[in-house]
Amino acid sequence: FFSPYMSAVKFVTPEYQADGSFHETVYEFTGSEGDGWSIVRDGQPHMQLPAGYQLLRTEHCSVCSTDLARRFLPYPLPAITGHEVVARLPGSADKYVVIEINASHMARGVPESAQCRFCCHGIDSQCPQRITLGINQLPGGFAPWLLAPKNACIPVPHGVDPLVACLTEPLAAALQGVEATFPHNGETVGVVGPRRLGMLLVIALAGFRRKRGLSFKIVAVGRHPNLLELARKFGADETINTTEHAPEDLHQTLDVVYDTTGKPEGFELCLRMARKVLHLKSTNGVPVMGFAQMTAAVVDELALLPFSVENLAFDWPSERPQSPGETTRGRAASARTNPNVLVAPSVQLSVVQQIEASGRKVHQMEVHEASARFVAYDRAHPPVPAQAASDVPQLHPDGSPLPRFDLAVVGTPEEADAIIRPLEGEEMSAVRPRGAILIATEDDKAIKSNFLLESIMKRGTEVHTSRCGSFSRALEILEVNPQLQANMKEFMITHQYPLQDIAEAFKMATDSATSVKVVVNTAESEC
């Protein structure tokens with residue numbers, strides 16, 4: 001039932017299990033946007049949500065690589081998964097919304113957002129107190145109903161097909177990748193794995209090139225001829241079929257490479273191909289070349305760079321004014337000062353002296369100690385009332401915009417892992433989101449034994465990452481490009497299933513030779 005004061009729904013839905021299977025489970029949502037919600041699972045209290053969530057009727061939810069790899073991620077199971085959602089308000093036939101996945105203070109529209117340093121600095125998607133739709137704690141879109149943060153519900157324009165709108169989240173993520181790693185004039189830019197997210201990255205790159213009046217080449221790299229041909233339709237200039245080339249023939253053939261393969265072997269291929277930057281978009285939950293926390297690095301949008309004084313000025317290019325014809329990736333015009341740098345124990349004294357000579361403050365401390373202080377700060381802010389905020393100890397580095405270090409410098413993959421996830425059970429890094437970990441080592445044996453370390457230290461390759469992007473910008477692109485919508489609907493959404501056939505939908509989504517994007521239509525559910 002529904003009323004202005006309280007709503008309640010009860011439904012059966014397939015719940016994702018730790019072994020990758022599904023099991024039908026009964027859920028009940030009771031509450032209101034103003035008072036919060038009680039969630040009951042199979043007759044037992046499951047969780048309480050605070051104020052700021054509204055009840056929605058789901059329509060479509062598409063399957064992505066994160067859904068397929070969900071059992072490898074460090075979040076509780078079983079759970080209702082799915083985050084590429086189109087929904088509508090109860091009782092509304094044509095008022096569709098897409099849902100930004102991060103349930104931050106700002107997304108919920110609560111007063112605490114005014115005191116959350118992450119929400120206040122324009123990175124509410126990295127708010128440390130957020131939960132995440134269909135991924136971490138917040139029940140997702142593979143269900144007839146869901147609870148969504150009220151400010152995260154973005155109206156779908158009337159000119160956008162609701163079915164195509166379920167691609168808003170991955171299109172926004174693709175745009176975020178381009179904003180984190182700008183291609184420049186004269187460069188050759190590759191997208192490896194042009195299928196789900198990869199095809200949308202081709203679209204995003206083509207749009208970015210056109211909007212900025214730039215001249216760079218887009219190359220789609222994969223092993224399925226049909227997907228490579230489709231990539232040309234969406235803006236790729238050239239294609240490379242990896243089945244026709246030995247890996248050594250592809251060595252350093254591309255300036256910038258976006259990895260959307262979701263596989264460690266795909267990452268290795270991308271690293272081999274990249275001359276300048278490898279941008280990782282996949283979150284598969286598995287270690288990569290000695291780095292156990294690579295997925296967490298993507299979640300936090302961290303970069304791995306070779307140490308240099310110039311790289312101490314690391315920022316995102318989208319943060320600073322850009323000339324449309326800019327051709328350098330230099331950081332002379334950085335928008336950040338990065339005043340506080342955490343230095344790991346193995347780093348040489350000469351590196352420490354260079355950091356200090358740059359005017360930055362070096363912090364050499366046990367990373368667990370620093371991180372425990374940050375956790376204490378996160379938990380003290382923002383529940384403290386505004387008038388009492390001045391009474392809370394400032395537990396973050398002086399001069400930094402966020403309660404984290406701006407950068408870290410390490411000598412080993414193990415030190416990088418310890419900084420990315422220093423505390424068990426806490427999804428936080430000692431380095432700020434969209435920051436960087438600089439690697440400084442003279443251990444030739446370690447470098448030669450690890451291709452990632454060798455690429456960073458000997459070739460100067462940078463590894464960038466990114467996560468969620470702006471849904472509004474993605475919807476604007478769709479709204480003004482009806483032909484793009486038509487092509488996406490015809491060529492990308494290859495399969496649709498009702499909710500009760502979700503296991504078959506997931507099976508089809510793993511078949512890269514047959515499917516591109518698989519959509520589950522929850523409104524047709526018999527559950």
Side-chain angles (χ1 to χ4, degrees), residues 2-9 29-40 45-56 75-76 80 83 85 87 89-90 95 97-141 145-155 169 172 299-300 374-396 401-404 426-428 432-434 467-472:
F2 309 98
S3 79
Y5 309 104
M6 179 170 286
S7 300
V9 293
F29 298 160
T30 305
S32 68
E33 180 183 309
D35 295 329
W37 295 84
S38 171
I39 299 179
V40 173
H46 180 56
M47 66 182 300
Q48 294 289 133
L49 291 178
Y53 292 87
Q54 63 179 358
L55 181 67
L56 298 174
Y75 307 120
I80 302 175
H83 58 276
V85 188
L89 298 173
K95 292 183 180 179
V97 296
V98 288
I99 303 159
E100 294 183 331
I101 69 173
N102 297 289
S104 64
H105 305 106
M106 184 170 290
R108 290 167 43 221
V110 293
E112 291 90 340
S113 61
Q115 298 169 52
C116 174
R117 296 180 72 88
F118 294 81
C119 291
C120 288
H121 279 83
I123 52 173
D124 53 289
S125 64
Q126 294 288 353
C127 170
Q129 295 183 358
R130 74 189 186 278
I131 57 177
T132 314
L133 180 70
I135 299 174
N136 182 18
Q137 299 182 61
L138 185 59
W145 298 90
L146 59 75
L147 295 166
K150 63 180 183 181
N151 289 346
C153 299
I154 313 299
E169 193 277 340
V299 170
D300 291 356
F374 295 149
V375 169
Y377 182 89
D378 292 345
R379 291 174 178 170
H381 292 74
V384 178
Q387 64 271 21
S390 60
D391 298 331
V392 178
Q394 296 300 299
L395 301 175
H396 61 90
L402 299 170
R404 303 288 188 273
E426 296 285 348
E427 188 175 305
M428 62 153 289
R432 60 158 288 173
R434 303 180 190 172
R467 189 169 157 259
C468 306
S470 168
F471 280 36
S472 296

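These numbers come from a predicted model, not from an experiment.
Contact between Leu133 and Leu147 at its shortest, heavy atoms only, is CD1-O, 4.4 Å. Arg434 and Ser125 make their closest contact through NH2-OG, 3.5 Å (heavy atoms, listed as atom of the first residue, atom of the second, distance). Between Pro139 and Met47, the closest heavy-atom pair is CD-SD, 4.2 Å. For the residue pair Pro433 and Gln126, the shortest heavy atom distance occurs at CB-CG, 3.5 Å.
In this structure Ser472 satisfies the side-chain hydrogen bond (donor to acceptor under 3.5 Å, both in side chains) test with no other residue, sequence neighbours excluded. Not a single side-chain hydrogen bond (donor to acceptor under 3.5 Å, both in side chains) links Asp124 to another residue, sequence neighbours left out. Residues passing the side-chain hydrogen bond (donor to acceptor under 3.5 Å, both in side chains) test with Arg108: none are found, sequence neighbours excluded. Scanning for side chain to side chain contact (heavy atoms under 4.5 Å, CB included) contacts around Ala148 gives Leu56, Ile99, Leu146, Cys153, with sequence neighbours left out. A search for salt bridge (charged side-chain N to carboxylate O under 4.0 Å, His left out) contacts involving Lys95 returns nothing, not counting sequence neighbours. Take Ala103 and apply the side chain to side chain contact (heavy atoms under 4.5 Å, CB included) test, not counting sequence neighbours, and it matches Tyr53, Ile131, Leu138, Pro149. In this structure, Glu100 has no side-chain hydrogen bond (donor to acceptor under 3.5 Å, both in side chains) partners at least two apart in sequence or on a different chain.
Applying the side-chain contact (heavy atoms from CB on, under 4.5 Å) test between Ser7 and each of Trp37, Phe29, Trp145 identifies Trp37 as the sole match. The only option from Met428, Glu426, Arg404 that meets the side-chain contact (heavy atoms from CB on, under 4.5 Å) definition with Pro128 turns out to be Arg404.
Between atom CD of residue Gln54 and atom NZ of residue Lys150 there is a gap of 9.0 Å, rounded to the nearest 0.5 Å. Atom-to-atom distance recorded for Gln137:CD and Leu49:CG is 9.0 Å, nearest 0.5 angstrom. Separation of atoms CE (Met106) and SG (Cys127) is listed at 9.5 Å; rounding is to 0.5 Å.
You'll find the side chain of Asn136 reaches within 4.5 Å of the side chain of Pro76, heavy atoms only.
The salt bridge (charged side-chain N to carboxylate O under 4.0 Å, His left out) analysis of residues 126-139, with sequence neighbours excluded, yields the pairs Arg130-Glu427.
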Original post:
Does the pair Asn102 and Arg467 meet the rule for a side-chain contact (heavy atoms from CB on, under 4.5 Å), with working shown?
Top reply: CA-CA 11 Å; Asn102 297 289; Arg467 189 169 157 259; 2.5 Å; yes
